[in-house]
Undergrad: 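Would you mind keeping the following structure in view while I ask a few things?
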Amino acid sequence: MTTRSAEPAPLPRFPADFVWGASTAAYQIEGAAEEDGKGPSIWDTFVRREGAVRDGDTGDVACDHYHRFGEDVALMRALGLDAYRFSISWPRVLPTGAGKVEPRGLDFYDRLVDALLEAGIEPTPTLFHWDLPQALEDEGGWMSRETAYRFGAYAAVVAERLGDRVRRWITLNEPFVHMSFGYGFGVHAPGRALLLDALPVAHHQLLGHGLAVDAIRTAVPDAQVLIANNCSPVRLRSDAESAADHRATEAYDILHNRLFNDPLLLGSYPDLSAFGQPDPSWGGIVREGDAAVIAAPLDGLGINYYNPTWVTAPADPSGVLPFDLAEPEQAYRRTAFDWPVVPDGLTELLVGLRARYGKALPPVWITENGCSEPAGLDDRARVDYLAGHVGAIAQARSQGVDVRGYFTWSLLDNFEWAEGYRQRFGLVEVDFATQVRTPRASFAWYRDLIASQRP
Ligand code: BGC
C-alpha cells in the first residue's frame, strides 16, 4: 500500500470529541450478490434492465468488500477514523424481506463490527440504503404501508444481534432520493416512474423509520438513533426573482427538504397543495397516530450534502412540477459528475436548519459529503473539495449549529448506482479488474487532518 502525501490545508480546530468518519453502502461495495443465502434486492433486478446502468455495470462483485473487509478495515485504521458508516443489506439478513432470518448474513455484519471495534473504529450502520428485498417490491415496495412494518421488524432483528456492540444507528439513507429517483422518475431501482403518485413512498419510509427507532431503542436502551437525509439549500438566480420564482423555490424546498425534516422534527407535514395534494391525510395515506410514530425523538439528524439546487418558476405552469431546475449563473468549479462545488452552501444549509427548527433541531452529523473526480491518485481537486466543506462546517459551528461529526463519501471507489463504475468518489482508488486498493492524495490529506485534530 502506497500513500501519497498532500499538503494539508490550514483548518480550524474542532473539539476533541468531534467524530471523523467515512461512509459506504452495502450494494455499492459488498459484491457477493448471491452468496450465503442472500436474497435478491431491487438493485440486483434493476441492473439487469437494458440501459438502466451505464456500461451495463452491476454490483455483483463491486469492491468485493464481503470478502475483503479485513483489508478495508486496515485502510480505515491507517486513516485514523473514529467511526465508519456502512449499510446493512436487508436481503442478506432476511432474503425475502420478512420471516426467515439468514444467519450467515447476520454473521457477516457481526464479523465486520468486531473487526471495526478491534481497530478502535465505531461501527455506525445504516439499516436501509436503497437495496429493498425484491420480494417486498413484488408486493408494492415502499408504495405499500406493509413495507414500513416489515422494516420495523427487520430493524429489531439486526438491533438484537448487533446491539451489544453497536450504539449509533442510522435508520434510512436519503428517503427523498429513494422516492424521487426510484419511484418518481425511475432512474434508480425499482425503476418506477410514478411522478407525484410516488408520494406515499415518502410517508411509508418515514413511518418505517419511526417503527425502527422504537425497535432499536427496545433492543438497545442506550442507542443513539439518527436518520440520514439528503438536503439541498435552494437558490434563486439573480435574473429569476419574481414572485413566481420565489413560489417555485419554496415548492422545491418543500419537496426536497421539508417533506422529510418537518414530520421528523415538528411532527407534521408541510402543505403539499403545490403538488396537487391539499388534503393533510394525502387521501388516507397518512393515518391517525402516524405523525407521533415518525416524530419519535432523534439523537441526531444526519445530513448528506453535495450541492445547492437552483430553481426557477416553471416554463410550463400547467406541467406536473411547480418548478424548473436551473443552472447556477456563477461559474463554479464542477466535479466529474458535473456537480457545482459550493462549500458555502453547506454553511447556508446548516444555519438555515437551525433557523427553521430552533430547539427542535437535534445535534447534526454530516453523514455524507464528497465528490467524484477523474481517475488517478493525485486528486488535489478532492482535497480542495473536502477542505472547503470541512471549513464550511467550522463556519456553521461558529454560528451556533451543533455539528458533532463528519463522514466523507466515500472510503472507496464504488458502484455509483445508475452511473456504474465511472464516477469515482473514493479516498482510495479501486482497480475493479484486480481489486487492488491504492490510497489517493485525499487519503493522506484526511489522515493528516484527523491526526492534527487529536488532542
Ligand atoms: C448516496 C450515495 C451516492 C452519493 C453520490 C448519495 O446520494 O447516498 O449512495 O453514492 O450520493 O451520488
Side-chain angles (χ1 to χ4, degrees), residues 21-31 41-43 46-47 53-54 57-59 62-63 65 84-90 124-132 170-185 187-190 201-202 205 209 226-233 255-257 260 301-309 334-342 345-346 349 365-374 379 381-382 385-386 389 406-430 432 442:
S23 287
T24 63
Y27 189 73
Q28 295 182 271
I29 64 165
E30 283 180 3
S41 80
I42 55 174
W43 272 95
F46 185 71
V47 295
V53 176
R54 189 182 281 272
D57 288 340
T58 77
C63 305
H65 173 78
Y84 171 53
R85 174 178 176 237
F86 58 100
S87 83
I88 294 187
S89 158
W90 186 346
T124 306
T126 301
L127 288 168
F128 181 68
H129 200 127
W130 305 348
D131 46 356
L132 188 75
I170 299 175
T171 56
L172 304 174
N173 179 69
E174 301 188 353
F176 165 72
V177 176
H178 191 51
M179 173 190 76
S180 54
F181 285 27
Y183 289 83
F185 297 113
V187 293
H188 277 184
V201 172
Q205 286 184 94
H209 155 84
L226 286 70
I227 185 171
N229 273 347
N230 178 297
C231 292
S232 179
L255 188 66
H256 192 134
N257 302 311
F260 298 90
L301 178 66
I303 296 291
N304 295 358
Y305 171 77
Y306 289 92
N307 49 254
T309 307
R334 300 275 177 155
T335 72
F337 227 143
D338 203 30
W339 296 353
V341 178
V342 192
L346 179 53
L349 171 66
W365 298 71
I366 306 305
T367 35
E368 277 182 37
N369 173 248
C371 60
S372 78
E373 294 298 341
D379 57 345
R382 181 175 283 110
Y385 181 102
L386 298 177
H389 287 77
Y406 177 78
F407 290 79
T408 190
W409 184 272
S410 183
L411 177 72
L412 305 168
D413 286 344
N414 57 48
F415 176 79
E416 176 50 36
W417 309 115
E419 291 295 313
Y421 294 99
R422 288 267 189 108
Q423 302 295 339
R424 291 177 171 264
F425 278 87
L427 300 184
V428 176
E429 178 187 75
V430 177
F432 292 101
S442 56

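Throughout, numbering of the chain's residues begins at 1 and tracks the sequence. Note that ligands are numbered from 1 as they come in the structure, with each ligand's atoms numbered from 1 the same way.
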Undergrad: Is the shortest distance from a heavy atom of Tyr27 to ligand 1 less than 4.0 Å?
TA: no
Undergrad: How are the rings of His188 and Phe181 set to each other: parallel, tilted or perpendicular (split at 30° and 60°)?
TA: perpendicular
Undergrad: Does the N or O separation between Trp409 and ligand 1 drop below 3.5 Å for any pair?
TA: yes
Undergrad: Give the atom numbers and elements of ligand 1 that come within less than 4.0 Å of a heavy atom of Asn173.
TA: 8 (O)
Undergrad: Should the ring pair Phe415 and Trp43 be called parallel, tilted or perpendicular, given that the plane angle runs from 0 to 90° and is split at 30 and 60?
TA: perpendicular
Undergrad: Among all protein heavy atoms in this structure, tell me which lies nearest to atom 4 (C) of ligand 1, with the distance rounded to 0.1 Å.
TA: Tyr306 OH, 3.4 Å
Undergrad: Using 4.0 Å as the upper bound for N to carboxylate O, is an ion pair formed by Glu368 and Arg85?
TA: yes
Undergrad: Compute the shortest N/O to N/O distance between His129 and ligand 1 and return yes if it is under 3.5 Å, no if not.
TA: yes
Undergrad: Is there a donor in the side chain of Thr24 and an acceptor in the side chain of Tyr84, or the other way round, less than 3.5 Å apart?
TA: yes
Undergrad: Angle between ring planes, His178 versus Phe128, binned at 30° and 60°: parallel, tilted or perpendicular?
TA: perpendicular
Undergrad: Could you check Asn304 against Asn173 for side chain to side chain contact (heavy atoms under 4.5 Å, CB included), going step by step and ending with a plain yes or no?
TA: CA-CA 9 Å; Asn304 295 358; Asn173 179 69; 3.1 Å; yes
Undergrad: N/O of Glu174 under 3.5 Å from N/O of ligand 1, yes or no?
TA: yes
Undergrad: Tell me, which protein residue and heavy-atom name are nearest atom 6 (C) of ligand 1, and how many Å apart are they?
TA: Glu368 OE1, 3.0 Å
Undergrad: Under a 4.0 Å heavy-atom limit, does Phe176 contact ligand 1 with its side chain, its backbone, both, or neither?
TA: neither
Undergrad: Can you pull out the closest protein heavy atom to atom 10 (O) of ligand 1? Residue, atom name and distance to 0.1 Å, please.
TA: Glu416 OE1, 2.6 Å
Undergrad: Yes or no on side chain to side chain contact (heavy atoms under 4.5 Å, CB included) for Trp130 and Ile42, after CA distance, side-chain angles and deciding distance?
TA: CA-CA 8 Å; Trp130 305 348; Ile42 55 174; 5.9 Å; no
